[in-house]
Every structure is written in structure tokens, then in C-alpha cells.
Amino acid sequence: TALSPRYVLCEVVSEDPRCRQCIEDRAVGLAVRDAIGRVHGDYGLACCSVSFTVKYLNAYTGTVLLRCRKDFYRLLCSALPFVRQLEGRSQRYPCFLNTLHVGGTIRTCQKFLIQYNRRQLLMLLQNCTNEEERRCIQKSLLSCSLTEEQSQSGDEEDDDDGIE
């Protein structure tokens, strides 16, 4: 249906390593809304703002998940390249949002992110110049632990995986 959401998975790319640790979902939301307003004017901003929200922000990895209505996800996606900075802790950090995936559910975005991260890790391991680097990366990977959390919202229903 037209009211079903789209989830846009992005990563924050910045040369300043402090950028990721200082940003908050509110700052990302404001920067995205500002870009939509600059690119598409009041009409585009009104269309996108109806159900726009920052569903998830991982400041450590720079992963951002945005939600908007299905009818207007193209307006949102076309404005994302115009996000040039994020504000955090009263400082502005030059950066951009790299769109990784657009999905119909949070679960499809999660699945994509797992595959994307696997490919990134494989590239990282292939670029190791010696065995010590490889062992350090493998050791750090083994020290990571993931815990599964059950979502209490209805956002993860897997009924609409395709993009129309």
C-alpha cells in the first residue's frame, strides 16, 4: 500500500574520526530534512516529513536507518547526497551519507547489512600486508559478541521485501 514504509540504509562517511562518535539521531534527522528542503522545497519537505524518522543510528559504525513513506522514498534518496555536514556537540563535521540499500522492511536492511559487512571484512583481510595484521583482525572479530533482541514494534514484518 502507499502507506507502507521504505527503509533507507546509509553510512556516515567522514575524514574526521570524531564525527561518528559525536552525532545523534536528531542531528541526522535535521540535516536530512534541511537537504530535502533545499533540493525539493516546501512541497518535497512536507511529503517526506509525513512519516520520516531516523529509526536507527549506530554512532560507532556510522550506520543510519531512515524510514519514510513508500511514495516519497525517491525524494528522500535524491536529497541525501546534499547532506554535507552533521552537527554534534556544538561542532559541525563535514561528511556525507552513502546510501547502501533501500528495503521494504527493517529485516531486509539487516540482512543486507550483514552481507555488506562480510564483504567489507573479507576485503580488509585480503588487504593485510602480513600475518600479524591478519591475526589482529581475526582476534578482534572473535572478541566481538552479538546479542539478539526481539523488536516489540511491528516494523519488522517481512511482507514487502521488494522495491516498487
- Please say whether more than 12 non-hydrogen atoms of neighbouring residues, nucleotides or ligands are located less than 6.0 Å from CD in Glu11. yes

State whether the number of non-hydrogen atoms from other residues, nucleotides or ligands found under 6.0 Å of Asn130 atom CG is greater than 12. yes

* For atom CZ of Arg26, is the number of surrounding heavy atoms from other residues, nucleotides or ligands below 6.0 Å larger than 12? -> no

* How about Gln120: does its CD atom have over 12 heavy atoms from other parts shown lying under 6.0 Å from it? -> yes

For atom CZ of Phe82, decide whether the heavy atoms of other residues, nucleotides or ligands shown that lie under 6.0 angstrom number more than 12. no

CZ/Arg92: more than 12 non-hydrogen atoms of other groups inside 6.0 Å:
no

field: Path from Val39 to Val32 over hydrophobic side-chain contacts below 4.5 Å
entry: no

Residues pairing under ring pair (Phe, Tyr, Trp, His ring centres under 6.0 Å) where one sits in residues 14-64, two or more places apart or in two chains, turn out to be none

Of all heavy-atom pairs linking Ser49 and Leu45, the shortest is OG-O, 2.7 Å

Could you walk me through whether Arg84 and Phe96 pass side chain to side chain contact (heavy atoms under 4.5 Å, CB included), step by step?
CA-CA 5 Å; Arg84 293 287 179 220; Phe96 66 92; 4.1 Å; yes

Under 3.5 Å, side chain of Asp34 to main-chain N/O of Leu30, donor-acceptor pair present? no

Run Val12 and Leu97 through side chain to side chain contact (heavy atoms under 4.5 Å, CB included) and show every step you take.
CA-CA 5 Å; Val12 176; Leu97 296 178; 3.6 Å; yes

Next on the checklist: Donor-acceptor pair, distance only, cut-off 3.5 Å: does the side chain of Ser51 make one with the backbone of Arg69?
Outcome noted: yes

Taken in chain and number order and not counting sequence neighbours, the residues that satisfy side-chain hydrogen bond (donor to acceptor under 3.5 Å, both in side chains) with Gln85 are none

